[in-house]
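Here's the structure, in C-alpha coordinates; my notes come after.
Count residues from 1 along the sequence.
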Amino acid sequence: MSQTVDRALSILPLLAEGPADLGQVADRLGVHKSTALRLLRTLHEHGLVYRQSDQRYRLGARLFALAQEAMENLDVREIAHPHLARLNAACGHTVHLAVFEEGEVLYIDKVESRYPVRMYSRIGKPVAITVAAVAKLLLADLPEPERRALADKLDYPMYTARSTPNAEAFRRELAKVREQGWATDLGGHEESINCVAAPIRGADGRVVAAMSVSAPNVVVTADELLTLLPQVRRTADAISGEYSGRTPIKEAGNR
(Lines give C-alpha, C1' and ligand atoms only; values in the text may rest on other atoms or scores of the structure.)
Protein backbone atom coordinates (compact mmCIF):
# COMPACT_ATOMS: atom_id res chain seq x y z
CA MET A 1 0.00 0.00 0.00
CA SER A 2 2.77 2.45 0.90
CA GLN A 3 4.47 1.78 -2.45
CA THR A 4 1.20 2.50 -4.28
CA VAL A 5 0.74 5.77 -2.40
CA ASP A 6 4.35 6.72 -3.08
CA ARG A 7 3.95 6.06 -6.81
CA ALA A 8 0.68 8.01 -6.97
CA LEU A 9 2.19 11.00 -5.21
CA SER A 10 5.26 10.85 -7.47
CA ILE A 11 2.97 11.65 -10.40
CA LEU A 12 2.11 15.09 -9.04
CA PRO A 13 5.62 16.65 -9.30
CA LEU A 14 5.85 15.26 -12.86
CA LEU A 15 2.60 16.93 -13.89
CA ALA A 16 3.68 20.15 -12.16
CA GLU A 17 6.30 20.36 -14.93
CA GLY A 18 3.51 20.29 -17.53
CA PRO A 19 1.00 17.89 -19.10
CA ALA A 20 2.24 14.33 -19.68
CA ASP A 21 0.81 11.31 -21.47
CA LEU A 22 0.40 7.81 -20.06
CA GLY A 23 3.71 6.61 -21.49
CA GLN A 24 5.64 9.47 -19.92
CA VAL A 25 4.05 8.83 -16.53
CA ALA A 26 4.81 5.09 -16.74
CA ASP A 27 8.41 5.78 -17.75
CA ARG A 28 8.94 8.24 -14.89
CA LEU A 29 7.54 5.78 -12.36
CA GLY A 30 9.28 2.80 -13.92
CA VAL A 31 6.05 0.78 -14.10
CA HIS A 32 3.84 -0.79 -16.76
CA LYS A 33 1.30 1.45 -18.47
CA SER A 34 -1.57 -0.49 -16.89
CA THR A 35 -0.23 0.33 -13.41
CA ALA A 36 0.25 3.97 -14.30
CA LEU A 37 -3.29 4.12 -15.70
CA ARG A 38 -4.78 2.78 -12.47
CA LEU A 39 -2.93 5.38 -10.46
CA LEU A 40 -3.98 8.18 -12.81
CA ARG A 41 -7.60 7.08 -12.72
CA THR A 42 -7.59 7.15 -8.92
CA LEU A 43 -6.07 10.62 -8.86
CA HIS A 44 -8.55 11.72 -11.52
CA GLU A 45 -11.49 10.47 -9.46
CA HIS A 46 -10.33 12.65 -6.59
CA GLY A 47 -9.85 15.68 -8.82
CA LEU A 48 -6.10 15.77 -8.31
CA VAL A 49 -5.32 15.23 -11.98
CA TYR A 50 -7.32 15.99 -15.12
CA ARG A 51 -7.26 14.21 -18.48
CA GLN A 52 -7.22 16.63 -21.38
CA SER A 53 -8.83 16.09 -24.76
CA ASP A 54 -5.41 15.18 -26.21
CA GLN A 55 -5.25 12.32 -23.65
CA ARG A 56 -2.49 13.98 -21.69
CA TYR A 57 -2.84 14.53 -17.96
CA ARG A 58 -2.32 17.71 -15.97
CA LEU A 59 -2.81 18.74 -12.35
CA GLY A 60 -6.47 19.01 -11.39
CA ALA A 61 -8.34 21.98 -10.00
CA ARG A 62 -9.07 20.15 -6.76
CA LEU A 63 -5.36 20.12 -5.94
CA PHE A 64 -5.16 23.90 -6.22
CA ALA A 65 -8.33 24.29 -4.17
CA LEU A 66 -6.89 22.12 -1.41
CA ALA A 67 -3.64 24.07 -1.43
CA GLN A 68 -5.49 27.38 -1.20
CA GLU A 69 -7.70 26.13 1.61
CA ALA A 70 -4.69 24.86 3.52
CA MET A 71 -2.90 28.21 3.18
CA GLU A 72 -5.97 30.13 4.35
CA ASN A 73 -6.26 27.95 7.44
CA LEU A 74 -2.61 28.19 8.44
CA ASP A 75 -2.07 30.06 11.69
CA VAL A 76 1.48 31.33 11.80
CA ARG A 77 1.13 32.26 15.48
CA GLU A 78 0.08 28.74 16.46
CA ILE A 79 2.97 27.25 14.51
CA ALA A 80 5.52 29.77 15.74
CA HIS A 81 4.69 29.91 19.45
CA PRO A 82 6.48 26.69 20.58
CA HIS A 83 9.60 27.85 18.75
CA LEU A 84 9.39 31.31 20.30
CA ALA A 85 8.95 29.80 23.75
CA ARG A 86 12.02 27.58 23.30
CA LEU A 87 14.12 30.53 22.15
CA ASN A 88 12.92 32.56 25.14
CA ALA A 89 13.80 29.70 27.48
CA ALA A 90 17.28 29.50 25.96
CA CYS A 91 18.16 33.21 25.99
CA GLY A 92 15.81 34.66 28.62
CA HIS A 93 14.91 37.77 26.60
CA THR A 94 11.60 39.04 25.25
CA VAL A 95 10.56 37.40 21.98
CA HIS A 96 8.00 38.94 19.61
CA LEU A 97 6.12 37.80 16.51
CA ALA A 98 4.69 40.40 14.12
CA VAL A 99 2.77 40.61 10.84
CA PHE A 100 1.96 43.34 8.31
CA GLU A 101 -1.77 43.99 7.98
CA GLU A 102 -3.62 46.90 6.36
CA GLY A 103 -0.66 49.25 6.42
CA GLU A 104 0.41 48.47 9.98
CA VAL A 105 2.87 46.09 11.58
CA LEU A 106 1.26 44.40 14.58
CA TYR A 107 2.56 42.18 17.33
CA ILE A 108 0.58 38.93 17.35
CA ASP A 109 2.58 37.05 19.99
CA LYS A 110 4.97 37.83 22.82
CA VAL A 111 6.95 35.72 25.27
CA GLU A 112 8.09 37.79 28.25
CA SER A 113 11.65 38.11 29.45
CA ARG A 114 12.68 36.22 32.57
CA TYR A 115 14.45 39.36 33.79
CA PRO A 116 12.73 41.91 36.07
CA VAL A 117 13.13 44.72 33.53
CA ARG A 118 10.23 44.21 31.08
CA MET A 119 9.40 45.76 27.70
CA TYR A 120 6.24 47.78 27.26
CA SER A 121 4.75 46.08 24.24
CA ARG A 122 1.36 44.46 23.74
CA ILE A 123 -0.12 41.85 21.44
CA GLY A 124 -2.34 43.60 18.90
CA LYS A 125 -0.53 46.90 19.26
CA PRO A 126 1.12 48.48 16.20
CA VAL A 127 4.89 48.80 16.30
CA ALA A 128 6.89 51.92 15.51
CA ILE A 129 6.95 51.14 11.81
CA THR A 130 9.95 53.27 10.77
CA VAL A 131 12.35 51.87 13.38
CA ALA A 132 11.20 48.43 14.59
CA ALA A 133 13.31 45.55 13.32
CA VAL A 134 10.28 43.35 12.58
CA ALA A 135 8.73 46.19 10.56
CA LYS A 136 11.87 46.58 8.47
CA LEU A 137 11.79 42.91 7.52
CA LEU A 138 8.10 42.90 6.61
CA LEU A 139 8.28 46.10 4.57
CA ALA A 140 11.58 45.18 2.90
CA ASP A 141 9.83 42.19 1.31
CA LEU A 142 7.24 44.35 -0.46
CA PRO A 143 7.65 44.93 -4.22
CA GLU A 144 9.86 47.94 -4.89
CA PRO A 145 7.11 50.30 -6.14
CA GLU A 146 4.94 49.49 -3.11
CA ARG A 147 7.92 49.83 -0.80
CA ARG A 148 8.79 53.24 -2.22
CA ALA A 149 5.21 54.51 -2.10
CA LEU A 150 4.82 53.43 1.53
CA ALA A 151 8.13 55.01 2.55
CA ASP A 152 7.12 58.30 0.93
CA LYS A 153 3.83 58.58 2.83
CA LEU A 154 5.07 57.63 6.31
CA ASP A 155 5.85 60.10 9.07
CA TYR A 156 9.29 59.87 10.63
CA PRO A 157 9.13 60.76 14.32
CA MET A 158 12.53 61.08 15.97
CA TYR A 159 11.99 58.82 18.99
CA THR A 160 15.73 58.96 19.66
CA ALA A 161 18.83 60.31 17.93
CA ARG A 162 19.10 56.92 16.21
CA SER A 163 15.61 56.94 14.69
CA THR A 164 15.17 56.81 10.91
CA PRO A 165 15.01 60.50 9.90
CA ASN A 166 13.30 60.46 6.49
CA ALA A 167 11.97 58.42 3.57
CA GLU A 168 15.30 58.32 1.72
CA ALA A 169 17.09 56.87 4.75
CA PHE A 170 14.25 54.38 5.29
CA ARG A 171 14.43 53.17 1.69
CA ARG A 172 18.17 52.63 2.07
CA GLU A 173 17.62 50.71 5.30
CA LEU A 174 14.95 48.52 3.71
CA ALA A 175 17.23 47.76 0.75
CA LYS A 176 19.99 46.73 3.16
CA VAL A 177 17.62 44.54 5.19
CA ARG A 178 16.24 42.92 2.04
CA GLU A 179 19.76 42.01 0.91
CA GLN A 180 21.10 40.71 4.23
CA GLY A 181 17.94 38.89 5.35
CA TRP A 182 17.81 40.18 8.94
CA ALA A 183 17.26 43.45 10.77
CA THR A 184 18.10 45.35 13.94
CA ASP A 185 16.76 48.21 16.00
CA LEU A 186 19.63 49.46 18.12
CA GLY A 187 18.12 52.22 20.21
CA GLY A 188 15.97 53.58 17.41
CA HIS A 189 12.70 53.51 19.32
CA GLU A 190 13.95 53.62 22.91
CA GLU A 191 17.54 54.52 23.72
CA SER A 192 17.88 51.64 26.16
CA ILE A 193 16.27 48.87 24.07
CA ASN A 194 17.96 46.83 21.34
CA CYS A 195 16.44 44.23 19.05
CA VAL A 196 17.48 41.65 16.42
CA ALA A 197 14.95 40.10 14.05
CA ALA A 198 14.62 37.48 11.31
CA PRO A 199 11.92 36.76 8.69
CA ILE A 200 9.47 33.88 8.54
CA ARG A 201 8.74 32.83 4.98
CA GLY A 202 5.91 30.94 3.31
CA ALA A 203 6.12 28.27 0.64
CA ASP A 204 6.54 30.94 -2.05
CA GLY A 205 9.50 32.51 -0.28
CA ARG A 206 7.62 35.66 0.68
CA VAL A 207 7.86 37.01 4.21
CA VAL A 208 4.63 36.23 6.10
CA ALA A 209 5.80 37.29 9.57
CA ALA A 210 8.88 38.41 11.46
CA MET A 211 10.21 37.44 14.87
CA SER A 212 12.60 39.25 17.15
CA VAL A 213 14.53 39.12 20.40
CA SER A 214 14.69 42.34 22.40
CA ALA A 215 16.52 43.32 25.56
CA PRO A 216 17.41 46.47 27.49
CA ASN A 217 21.00 47.69 27.81
CA VAL A 218 20.95 47.04 31.54
CA VAL A 219 20.59 43.30 30.81
CA VAL A 220 22.82 42.89 27.75
CA THR A 221 24.70 45.27 25.51
CA ALA A 222 23.83 45.66 21.83
CA ASP A 223 26.93 43.69 20.86
CA GLU A 224 25.99 40.87 23.22
CA LEU A 225 22.46 40.78 21.80
CA LEU A 226 23.83 40.58 18.25
CA THR A 227 25.60 37.34 19.15
CA LEU A 228 22.11 35.78 19.34
CA LEU A 229 21.42 36.54 15.68
CA PRO A 230 22.38 33.04 14.42
CA GLN A 231 20.03 31.48 16.97
CA VAL A 232 17.24 33.89 16.02
CA ARG A 233 17.69 33.08 12.35
CA ARG A 234 17.69 29.33 13.00
CA THR A 235 14.45 29.68 14.93
CA ALA A 236 12.88 31.71 12.11
CA ASP A 237 14.03 29.12 9.58
CA ALA A 238 12.49 26.31 11.65
CA ILE A 239 9.17 28.18 11.81
CA SER A 240 9.36 28.87 8.07
CA GLY A 241 9.96 25.21 7.33
CA GLU A 242 7.00 24.10 9.41
CA TYR A 243 4.71 26.86 8.13
CA SER A 244 5.53 26.18 4.48
CA GLY A 245 5.36 22.41 4.87
CA ARG A 246 8.99 21.88 3.93
CA THR A 247 9.91 20.44 7.34
CA PRO A 248 8.07 17.68 9.22
CA ILE A 249 6.73 18.95 12.54
CA LYS A 250 8.75 16.46 14.59
CA GLU A 251 11.98 17.66 12.96
CA ALA A 252 11.17 21.33 13.41
CA GLY A 253 10.54 20.71 17.07
CA ASN A 254 13.94 19.11 17.51
CA ARG A 255 16.03 21.80 15.98
Please determine if Arg77 and Asp75 form a salt bridge, counting it only when a charged side-chain N lies under 4.0 Å from a carboxylate O. no
If you look only at pairs with a residue in residues 8-27, which of them pass as a ring pair (Phe, Tyr, Trp, His ring centres under 6.0 Å), with sequence neighbours excluded? none
For Asp155, the side-chain hydrogen bond (donor to acceptor under 3.5 Å, both in side chains) test, sequence neighbours excluded, returns none
Could I get the full list of side-chain hydrogen bond (donor to acceptor under 3.5 Å, both in side chains) partners for Thr184, not counting sequence neighbours? none
His189: what forms a ring pair (Phe, Tyr, Trp, His ring centres under 6.0 Å) with it, not counting sequence neighbours? Tyr159
Distance from Ile200 atom CD1 to His83 atom NE2, nearest 0.5 Å? 9.0 Å
Look only at the side chain of [X] and the backbone of [Y], and say whether a donor-acceptor pair between them is shorter than 3.5 Å.
| X | Y | result |
| --- | --- | --- |
| Gln24 | Asp21 | yes |
| Ser10 | Asp6 | yes |
| Ser244 | Gly202 | no |

If I compare all heavy atoms of [X] with all of [Y], which pair ends up nearest, and what's the gap?
| X | Y | answer |
| --- | --- | --- |
| Leu15 | Ala20 | CD2-CB, 3.8 Å |
| Glu224 | Thr221 | OE1-N, 2.8 Å |
| Pro199 | Ser240 | O-OG, 3.9 Å |
| Pro126 | Glu104 | CG-OE2, 3.8 Å |
| Thr160 | Gly187 | OG1-O, 2.6 Å |
| Ala209 | Val76 | CB-CG2, 4.2 Å |

Mind checking whether [X] and [Y] have side chains closer than 4.5 Å, heavy atoms only?
| X | Y | answer |
| --- | --- | --- |
| Leu9 | Val5 | yes |
| Tyr50 | Leu59 | no |
| Phe100 | Leu142 | yes |
| Pro19 | Gln52 | yes |
| Ile239 | Leu84 | yes |
| Leu40 | Arg51 | no |
| Val219 | His93 | yes |
| Val177 | Trp182 | no |

Only counting residues at least two apart or in another chain, list the ones meeting side-chain contact (heavy atoms from CB on, under 4.5 Å) with [X].
| X | value |
| --- | --- |
| Ser34 | His32, Arg38 |
| Leu37 | Leu22, Arg41, Tyr57 |
| Glu17 | Leu14, Arg28 |
| Ala210 | Val134, Leu137, Leu138 |

The salt bridge (Lys or Arg N to Asp or Glu O under 4.0 Å) partners of Arg162 (sequence neighbours excluded) come to none
Go through the structure and list residues passing salt bridge (Lys or Arg N to Asp or Glu O under 4.0 Å) with Arg171, not counting sequence neighbours. Asp152
Tell me the side-chain hydrogen bond (donor to acceptor under 3.5 Å, both in side chains) pairs involving residues 123-151, sequence neighbours left out? Lys136-Glu173, Asp141-Arg206, Glu144-Arg148
Which hydrophobic side chains are connected to Leu106, either touching it within the sub-4.5 Å cutoff or through other members that do? none
Candidate pair Thr94 and Lys110, rule side chain to side chain donor-acceptor pair (under 3.5 Å), full reasoning: CA-CA 7 Å; Thr94 301; Lys110 177 183 180 181; 5.8 Å; no
Check step by step if side chain to side chain donor-acceptor pair (under 3.5 Å) holds for Asn217 and Asn194. CA-CA 7 Å; Asn217 285 329; Asn194 299 304; 2.6 Å; yes
